[in-house]
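Written below as structure tokens is the structure these notes are about.
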Amino acid sequence: MPHLPVLEKTTGPRGEIDRHRRLAGKTVLITGAARGIGEAIARKCATEGAQVALCDMDRHSVQQTADALRSQGNLAGAFTADVSDSGSVKTMVEAVKAYFGRIDALVNNAGIVQDAQLKNMRDDQWERVIAVNLSGVYHCTRSVVDIMLAQGSGSIISLSSVVGIYGNFGQTNYAAAKAGVIGMTKTWAKELGRKGIRANAICPGFIATPILASMPDSVLAEIVRRVPAGRLGQPEEIANVAAFLASDEAGYVNGAVIEVSGGATL
Ligand code: NAP
């Protein structure tokens with residue numbers, strides 16, 4: 001059964017559009033927005049004046065995050081979908097369009113890890129990570145592209161990873177998906193650039209979010225030791241780049257793959 005999205009009524013103040021904020025008047029849809037990097041992106045975009053559509057799998061947690069944003073005077077709506085399910089994504093995107101009237105930026109952020117060395121990887125681990133991290137990005141972008149084409153503008157921002165460029169021990173499935181995201185991003189930049197739609201990828205290094213919970217402390221300590229910045233990144237440091245890419249300030253940034261890793265890959 002597909003997970004049907006649930007549209008919650010937005011009650012926050014709409015107010016006058018503040019033209020001084022760089023995302024004023026724009027609607028930004030963020031997947032995996034209940035927590036972590038997605039939540040930080042939603043918060044940053046809202047602070048920059050956007051109407052934000054938060055999408056996640058768990059209705060309760062995404063509603064809580066959207067409520068917190070609304071309580072601070074932002075315009076935010078909560079939507080549910082499993083990005084690996086094309087029907088669920090299509091219904092969610094239709095609901096966002098019906099509610100906010102347009103979609104100016106899509107942030108493909110939802111992602112999971114299911115790590116194992118190649119010799120131990122099970123088919124279900126391979127298939128689920130590809131379904132969420134690669135097919136999920138395809139389903140969301142495919143569902144949004146007609147809306148952006150009709151508008152004649154749009155920004156597609158996808159969360160890849162430094163692992164998609166350089167690989168990582170124990171992450172065959174994750175590395176394959178994140179490399180695929182880069183390939184799709186460059187393809188969309190070429191196909192859609194003349195239609196006013198930009199596509200870019202962000203490659204975070206190691207960012208302090210719940211996704212790192214499965215990593216042993218000793219591995220994390222070793223990662224930090226190797227990062228020239230001497231620390232893990234913060235979700236807000238990814239959100240800053242996403243908000244820039246969503247804005248018109250990034251009007252000539254298309255097909256870019258931007259590492260935000262504190263220099264971890266040098
Ligand atoms: P996170 O804290 O685990 O948050 C991911 C969010 O995505 C969760 O709210 C999760 O919901 C949601 N989600 C998972 N599967 C979904 C699905 N099928 N449909 C809709 N939502 C789904 O992860 P994060 O660290 O913020 O990572 C965000 C993105 O950045 C991911 O694409 C990740 O691969 C990428 N990234 C992260 C790092 C890092 O170090 N943190 C580094 C490089 C790249 P549930 O809680 O219900 O599962």
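Since the structure is predicted, the reported quantities are computational estimates derived from the model, not experimental observations. The first residue of the sequence shown is numbered 1, and numbering continues consecutively from there.
- For the pair Glu127 (side chain) and Asp124 (backbone), a donor-acceptor distance under 3.5 Å is absent.
- Between Ile157 and Asn108 there is no side-chain heavy-atom pair separated by less than 4.5 Å.
- Proximity of a side-chain donor or acceptor of Asn133 to a complementary backbone N or O of Ala177 within less than 3.5 Å is not detected.
- Glu236 and Asn240 share no donor-acceptor pair across their side chains, judged by distance under 3.5 Å alone.
- Put simply, OG on Ser88 and CZ on Phe79 are 13.0 Å apart, with the number rounded to the nearest 0.5 Å.
- Using a 4.5 Å heavy-atom cutoff, the side chains of Ile238 and Ile207 are in contact.
- A donor-acceptor pair shorter than 3.5 Å cannot be found between the side chains of Gln125 and Tyr174.
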Query raised in the report: Are Gln51 and Tyr99 close enough, and set up right, to give a side-chain hydrogen bond (donor to acceptor under 3.5 Å, both in side chains), and what steps lead you there?
Result: CA-CA 11 Å; Gln51 330 183 96; Tyr99 198 75; over 6 Å; no
Extract all donor-acceptor atom pairs below 3.5 Å that involve side chains of residues 39-47 and protein atoms in other chains or at least two apart in sequence.
{"from": "Glu39", "atom 1": "OE2", "to": "Arg43", "atom 2": "NH2", "distance (Å)": "3.4"}
{"from": "Arg43", "atom 1": "NH1", "to": "Gln72", "atom 2": "OE1", "distance (Å)": "3.0"}
{"from": "Lys44", "atom 1": "NZ", "to": "Glu48", "atom 2": "OE2", "distance (Å)": "3.2"}
{"from": "Thr47", "atom 1": "OG1", "to": "Arg43", "atom 2": "O", "distance (Å)": "2.7"}

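- Side-chain atoms of Asn168 and Asp115, non-hydrogen and from C-beta on, never get closer than 4.5 Å to each other.
- Residues that satisfy the salt bridge (Lys or Arg N to Asp or Glu O under 4.0 Å) test with Lys97, not counting sequence neighbours, are absent from this structure.
- Remark: Arg194 pairs with no residue by the salt bridge (Lys or Arg N to Asp or Glu O under 4.0 Å) rule, at least two apart or across chains.
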